[in-house]
Each structure stands twice: as structure tokens, then as C-alpha cells.
Amino acid sequence: PSLSLSSSSWLLPLLFVLVLWLTSLCAAQAFVVGPSSTTKATTKAKTRKNHWNHPSKMTTSTSTSSTTSTTSTSTSTTALHLLIPSQLWGGAGAGAGAGPSSSSSSFFDTTKKNQQKALSTTTSSTSSSFHRDHDSRTLLSMIPSQAIHARAANNNKKNKTNKNSNDQNKQTTAAASTLTTATTTTESNEKERVKQQQQQQQQQNQVTTPSRRSRRRLRPQKKNRPPEASSNSQDDKTIFTGHFPDPWWRAISMNHVRQHPRFQPLDNVNHHHDHNHRLLRSLADVQHYYPQGSWQWNELHVGRCTTSQAAGALGFLNDHAAQVLGVPVAWRQRGGRGSYQRLSQRPVLRTLSELNHRLVTSDYAQQQQQRQQQQQQEEEEDDGDSDQEIWGEAVWNNTITNSNKHNDSNNSSSLLFLAEYLYQPNQDEYRRRKRYIKGCSGGEYLDRGIRMIWGNTQEATSLMTALNYFAANVDDGVVLEECGMCGADLEFNSTPTSRGHGGLLLGATPDGILRYSNGSMEALEVKNHCPFFSNSNRRRHGGKLKRFSIGDRLSTDGGVLPQYVSQLQLEMLCLGDACRSAVMVRQTATQGATIWRMRRDEAWIGEMIHFLTRFQTEFVQRQVPPPADFFWNNVVNNGTTTTTRKPEDDDDDEALREQSRYRRFVHKTAQLCSSVELVAVVPPEQIQRCTGQAPFFLDRVS
């Protein structure tokens, strides 16, 4: 207010100076205050982060920060010195005409004190490196002595603080270095351990899953085979694969069985010259004269429905009925065509005169008798020395056991075999066997026929199994009888048809007849499961596969197979009313045998005869081959065409009744299979065979 505004000569310059001074003051204040608090906090955070991550860089970061602060302060001070004229600092040269009045001078003094206070505060926050800066020395020369002393005191205090902070930083840096070293060492050890584990795993993988070449190298080398022996040794027993199987393996000859003390052969069967020229006195004589396998026995099968053709003629081997019964697939391929061809053969021997002419007096009979005599002589020579003793005394068990829960008698017996089998085959017999198998090896005959050959050669062994078991456990007076063709004298076989041709002829040949001491009898049928199976459809990589291998197992769940039901029932029918049951022995080579019993069923036999008669009249007599599922689909042949009758085609429902009748018959057959009785399970050591070690294969026989 004391200013005089009358003169405008100095007012405008004064206003200009004030504006300039305020502008420079604001700029100086911005430089003096320095970085904001946010910038400082960010700097401290970065410094702390660098300290823990890189302790060795802590010192460099601190010095860099100090240098940056010093440079900023120096720049601010220099800018303040340049913007404020020297007159405003109260220095020399401030004349009366050159500047404002005394009031203006006091105002500038107050402003000068505030600037000094701000400069002292700024200077006290600088580091020791501030003294070495050129701009700082220039600024110190222009600051009064009071500000210099205050700044020096603050610097001393700051140096002590910095020293303590440096010591702490050194300790922290050392601790961090130690921790980092320990952490680095631990991490390196862990990495090394993981690397070792990976190497070990790779080595294991190389051993367990080698490459294709390494797998070839790892295969064990084949052992050197011993030279083939010229004779049968004990080592041959362990050979289970070969090219020439031995179907006579430890078998008992049928000729030797006929010499057994408990076996009753056919009448004069050992006197062929007297027997072959004897005329038949009745139809029943064929059962006692002609044994199974003789040429007369084969002639009796011509045009006759026997046990081998009954299943096919009944339709059991067709698809639908076979699926219901569970017939094996190999049997289903036969169907009813085989039965049709056998029943269509001629001539059929029906009457007694026809039998005597064909089997005794004809030229054909004379030729066949001479041929049969030669074959019998060869068989006797093959059996070895005729003076060799065949049967010895009874064989008894050292340990008396009766653990078989299926035995028919509670009477425990120690009898094992009724007579000891003493025969031993020689080397010449093994050579004859090999020559025979070599003769059958051409083509695929042996692959298919080995089962039939085994069944024929092992039949006598199975007969001895049944005889020994029933003598030891059921009846010690039981006798096994040989039997030929049965049923020739049945009244059913003599019934003609309206067309003038012979009707259905039935016949059956049991493998034997068990005659008990009380007069009862049972038909005996044996089935031998061949242990040889062909490898013709099998391949093996890396080596050659021999023609046959051994595969043997015993089943106690199968019982009597459905295709054998008609065989057992037809045998009981042909033996007469006295036969009320039939026994079947299913024997293996190495796993023992099972014995089953089936009871006679008159209702089932009546249905069997009904459908066999239909097959004979509708297909055989009319010479029309049966189609597939001929009974299941109710196929009827009227002489000109073969049609399938449906229930809706007939008003009297005859077709429906006939079709339902057959299907009930099939289901009844399945029930018979499940109703058979398991008599016994015979272990291998209780099966009588030829003693000594014998090979399954004849490959090493020379």
C-alpha cells in the first residue's frame, strides 16, 4: 500500500519482474522438492526386490540412487541461480535507482530466507557424493555460511546412518549369498538325482522292451538234441509232438482179450475153418457167429439201419435239432445224407436163405473167407511169439481204498486187475506200426482218420477197464461176452410194406455184454478219446511245427453225448427185453476214464421207431435224398415232389401234430442226456495197459 502508483515508468517493469520471479520460484520449488513420494516408494520397492534377488547388486543400486539425487539437486540449484537476479539475493550493486524501494527490499529478504530454508533441507538429503559434484561446489559458494554449517551437521548424521545401513546391507548380502548358495546346491543335487533316476529307467526300458534286433539276440539258443535212438528208451516218454503217432500206444490186443479168463468169445471164433462153412440155423445165429469187424458183419450192415446211422436218420445232425441237443459242430456237417446212402445200398439180407447164400455158400463168400484167413494169420504173426504167456494171476491193491462216491457197491475190495497182462511188444512190432502209419500218411487221410484208428485199436483196453471195475466193485462173478450183430431176429424186421419192398431193418452191435451172476445183463459201449490232434492248420513263427501234438483231458460234465443216445437205446432194443440198461466207458490216454449208465426208455424207443420208419418210407424207398431239417420243418415226400407242410395247409391239423411230436421227441432226447448216471471215475493207475515205457510217436523208431 505504501507503493506510489503515480509514476508508470517503473510499474510495468516491476510487474514483469514479479511475474518472472513467481514463475522462477514455482520452477525452483519443483526442482527443490525432487521426486514425488510415489516415485520414492517405487524406487525403494525396486531396491528391496533387487536386494533379495541379486544381493550383489545392492551397493551399485544405492550409489546410483545417490548420484541421481545429487544430480537432481544440483540441477535445481543451478536453475534457481540462473532465474533469480543477483540483486534479489541482497548482494552488492543494488542501487536506489536500479531496483525497488525499501518495502520491496523487505519482501525480497523474506523470500530469500524461505529459499535458503528450502535449500538447506534439500542439501541435507544429499549423499556424500554431493561434495564431489562440480555443480554442487558452485552452489555451495553462493549459499551463506549458516546454511553450510547446518548442511554439514546433517551430512555427518547421514553418514553415520549410511554406515550403519551399509553394515546391515553387508550382513544381509552375506546371509542372502549363503542362502542362495545352499538353495543352489540343493537344487543341483535334486537335479542330479532326478537325472540318475531317468538314466536308470532308460536302462530298464532297454532291457524289458528291446528292439526287434535285440529281441532276436535275447532269444535262448536251442539246446542240442540228443541223437535219435534206435530203440525205445525211457526218454521217449516225454516226447509230445511228432510226425508218426502210435495209435497202439500201450494197447491190449483184442486177440489177447479173447484169451482172458473172464472174457467169453463168440462160438468157435478161434476155429475159423469149421465156423465159416457152418450154415445158419436161425436169424439169431448171426449174433454168435460173426464178430465185429469181420466181412460177414460188414455185409449185415448193407441196407440196415444200425447204431451208426440212427442219429442221422432221426434228424439229430441237422441244424435246428442239433442246436437244441448241443451236438458238436463237426457232427452237424453229416446231416441225413449219409444215412440215406447207407440205407439205399443193396442187396439187403432179410431172410435166413438170403443170409446163408450171401454169407456161406456163394462164390463171393468163398473168396472173402480165404482173404480173411490170410489176414488172421498175419495178425497172429504180428502179435509175436504164440508161446509167450499173455495173462498171469490177479493183481491186488496194496492200499485198500473206496473213496469213489459213485461206486455201485459199498463192499470195499482190494482187487485191481483180474489178471496181469504179461505181453511185451518187441522192436519188430514197433517197426510194423511205423510202416503202417507211413502208408497212411499220404494226403490228409491220417489227419482225419487218426481218431478212428485210435478208437479201434484202444477198444479192447477200454473193455478191460469196464470188466476190472465191475468185478472189483460190483460183482466178482461178472463175465464180459463178445457180441456180433444183434436184432436180426426182431419181429419188427420181418414186417413187409405195401409196396413189396422190405421195410425198415434194425440192427446193433454192442462192444460187449456184461453178464452178472444173477442173470441180469447190460450193454457195454466204449468210446476212446484220441490224444493226437493235427497241426495242419496251425502255424508257429520261428520254427517248424510237427504234424501231430498231444492234447488229452478228462471231462466229467459231458456224460453221454446226444448223438449217442439213439445208439444205446437201439442196442438195448436189439438185445431184448432182458437188457434194461446200458453202460458207456469214456476213456482217455493219460487222464483216466469215466463210466456212465443210461436206463432203458420204452416211450423214447417207440418214438425212435416211428421217425425211422418215416425216414425209410418217405426218402429211402422213394429214392429222394432228404433236405435240411426234414423232420423239424415237417418236410414230406409224396413220391413226385418234396414239400414242407405247414399247419395252416391242413384242415385236420395233422401237420401241426406231426411237427410238434418231433420237437417233443428232440426235447425228450435232451432230457435223457441229462438223466444219465455217473457210475465211476477211474484214475489212470487203475486202467490196465501194456506195461513198460512206450513212446507216443514212432519218429525215433528205426
Side-chain angles (χ1 to χ4, degrees), residues 247-278 285-298 300 369 371-395 417-425 429 432-433 453-471 477-486 508-516 521-526 528 571 575 583 585 587 687-691:
W248 295 271
W249 179 80
R250 300 185 64 187
I252 300 176
S253 172
M254 191 62 194
N255 292 333
H256 294 167
V257 172
R258 292 189 176 102
Q259 302 178 30
H260 194 277
R262 289 291 187 92
F263 187 85
Q264 183 178 344
L266 295 178
D267 296 342
N268 298 323
V269 70
N270 293 325
H271 304 281
H272 305 290
H273 301 285
D274 299 335
H275 153 72
N276 288 329
H277 298 282
R278 182 183 299 180
D285 287 345
V286 297
Q287 176 180 346
H288 305 288
Y289 283 178
Y290 307 125
Q292 183 176 353
S294 62
W295 71 271
Q296 297 94 337
W297 181 79
N298 291 329
L300 291 172
Q369 288 171 6
R371 184 179 301 175
Q372 184 174 2
Q373 290 176 3
Q374 295 178 357
Q375 292 178 355
Q376 290 172 353
Q377 292 177 359
E378 293 177 358
E379 290 178 359
E380 291 176 357
E381 294 177 357
D382 293 343
D383 288 341
D385 189 2
S386 59
D387 297 335
Q388 182 179 356
E389 189 176 3
I390 304 300
W391 299 102
E393 297 181 356
V395 179
F417 303 137
L418 289 171
E420 182 181 3
Y421 188 55
L422 303 176
Y423 177 77
Q424 291 287 343
E429 182 173 351
R432 285 193 296 269
R433 295 178 184 178
I453 299 174
W454 175 272
N456 293 334
T457 57
Q458 297 290 331
E459 181 177 315
T461 307
S462 299
L463 293 177
M464 296 308 303
T465 300
L467 178 61
N468 288 322
Y469 172 79
F470 285 102
V478 65
V479 175
L480 180 60
E481 298 180 359
E482 188 176 9
C483 180
M485 174 73 73
C486 302
T509 307
D511 292 328
I513 299 175
L514 290 172
R515 185 81 64 177
Y516 298 100
M521 60 183 297
E522 283 186 310
L524 177 60
E525 186 69 28
V526 297
N528 291 279
E571 288 176 356
L575 285 176
V583 173
V585 178
Q587 184 164 294
I687 295 178
Q688 190 171 18
R689 298 182 183 274
C690 180
T691 59

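- Looking at every heavy atom in both residues, Gln688 comes nearest to Ile252 through O-CD1, 3.5 Å.
- Remark: Met485 CE to Trp297 CH2 distance equals 6.5 Å, nearest 0.5 Å.
- A donor-acceptor pair shorter than 3.5 Å can be found between the side chains of Thr465 and Gln587.
- No side-chain heavy atom of Met254 sits under 4.5 Å from any side-chain heavy atom of Pro291.
- Within the model, atoms CG of Leu524 and CD of Glu482 stand 12.5 Å from one another, a figure rounded to the nearest 0.5 Å.
- Judged by distance alone, the side chain of Asn528 and the main-chain N or O of Asn456 form no donor-acceptor pair under 3.5 Å.
- With a 4.5 Å cut-off on side-chain heavy atoms, Leu575 and Gln287 count as touching.
- Here the side chains of Gln424 and Glu429 are not in contact, with every heavy-atom distance at 4.5 Å or above.
- Using the six-membered ring where Trp is involved, Tyr421 and His256 have ring planes that are tilted, between 30° and 60° apart.
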Exercise for review: Go through the steps for Gln292 and Glu459 under the test side chain to side chain contact (heavy atoms under 4.5 Å, CB included), then give the verdict.
Suggested key: CA-CA 12 Å; Gln292 183 176 353; Glu459 181 177 315; 3.7 Å; yes
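- Here the straight-line distance linking atom CD of Gln264 with atom CD1 of Ile513 works out to 9.5 Å at 0.5 Å rounding.
- Minimum heavy-atom separation, Ala466 to Val585: CB-CG2, 3.9 Å.
- Summarising the geometry, atom CD1 belonging to Ile687 is positioned 9.5 Å from atom OG1 belonging to Thr461; distances are rounded to the nearest 0.5 Å.
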Practice item. Output, in order, the C-alpha distance, side-chain angles, deciding distance and verdict of side chain to side chain contact (heavy atoms under 4.5 Å, CB included) for Arg689 and Gln458. Key: CA-CA 10 Å; Arg689 298 182 183 274; Gln458 297 290 331; 3.5 Å; yes
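- In this structure, Gln372 and Ser294 approach most closely via the heavy-atom pair NE2-CB, 3.7 Å.
- Put simply, the side chain of His260 does not reach to within 4.5 Å of the side chain of Leu480, judged on heavy atoms.
- The shortest non-hydrogen separation linking Leu300 to Tyr290 is CD1-CD1, 4.4 Å.
- The shortest non-hydrogen separation linking Arg250 to Cys690 is NE-O, 2.9 Å.
- Note that NE2 of His288 and CD of Glu481 are 9.0 Å apart. Values are rounded to the nearest 0.5 Å.
- Looking at every heavy atom in both residues, Phe470 comes nearest to Val478 through C-CG1, 4.1 Å.
- Aromatic ring orientation, Trp454 versus Trp249: parallel (interplanar angle below 30°, classes split at 30° and 60°).
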